[in-house]
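Let me begin by presenting the structure, written as structure tokens, before commenting on it.
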Amino acid sequence: MKTLFVTVLLALTLYANNTSEIKAKIIINIAHLIMPEKTTAIQVYNTDHYFNDIFTTDYALKKVKDYHEADIILTNDSSKFRDYVKTHNVTIISTKYQDYKNNQTIDECAFFWQKGRPNILLNSKIFQLKKIKIPKSFAQYMD
């Protein structure tokens with residue numbers, strides 16, 4: 001699983017036909033890192049229209065209409081979920097770099113496009129707090 005993420009990410013970046021497949025695979029790999037025991041479809045609440053296409057390419061991601069049902073909240077405005085995250089076990093992945101920087105107390109990850117390439121940041125403080133072990137292959141993504 002450790003090197004699989006890096007290998008899949010590299011292969012998808014080089015050979016994928018479209019960005020929706022890349023985005024879906026990256027979200028799935030992040031989810032498996034954070035929730036390794038999760039065996040069913042990953043429930044995702046999405047507020048960023050740029051990521052709507054991830055639900056058409058992979059059945060491992062299920063779009064939910066209410067964030068109360070979500071395993072992951074994918075958003076470009078994390079502050080809307082600040083109170084909810086404090087009392088519920090949900091992962092926030094920010095889709096904008098500035099949003100991630102402004103909300104590092106609640107955002108576990110950032111996944112955004114910059115200069116035509118996917119960028120991933122993993123929040124080391126939250127990972128340590130939640131006692132999530134990060135393989136060495138993910139060190140380059142730690143923030």
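Because the structure is a prediction, the values reported are computed rather than measured.
- With no hydrogens or angles considered, no side-chain donor-acceptor pair links T105 and N103 at under 3.5 Å.
- Shown here is H49, whose NE2 atom has no more than 12 heavy atoms of other residues, nucleotides or ligands within 6.0 Å.
- Aromatic ring pairs are classed by plane angle as parallel below 30°, tilted from 30° to 60° and perpendicular above 60°; the pair Y84 and H88 is parallel.
- Connection of I92 to Y97 is not established within any shared hydrophobic cluster, with ILVMFWY side chains joined at heavy-atom distances below 4.5 Å, either directly or through further cluster members.
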Apply side-chain contact (heavy atoms from CB on, under 4.5 Å) to residues I54 and E21 and explain how you reach the verdict. CA-CA 7 Å; I54 66 172; E21 290 177 28; over 6 Å; no

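- Remark: the T40 side chain and the K38 side chain contain an N/O donor-acceptor pair separated by less than 3.5 Å.
- D107 and S78 are linked by a side-chain donor-acceptor pair at a separation below 3.5 angstrom, with hydrogens and angles left out of the test.
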ring-ring contact (aromatic ring centres under 6.0 Å, His included) for F111 and F51? Distances and angles first, verdict last. CA-CA 10 Å; F111 173 38; F51 284 84; 5.5 Å; yes

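- The two atoms that bring I26 and P118 nearest to each other are CD1-CB, 3.9 Å, heavy atoms only.
- No donor-acceptor contact under 3.5 angstrom links the side chains of N76 and Y50, judged on distance only.
- With contacts defined as side-chain heavy-atom distances shorter than 4.5 Å, the pair F55/K63 qualifies.
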Is there a side-chain contact (heavy atoms from CB on, under 4.5 Å) between F127 and I34 once you walk through the steps? CA-CA 8 Å; F127 277 62; I34 295 169; 3.9 Å; yes

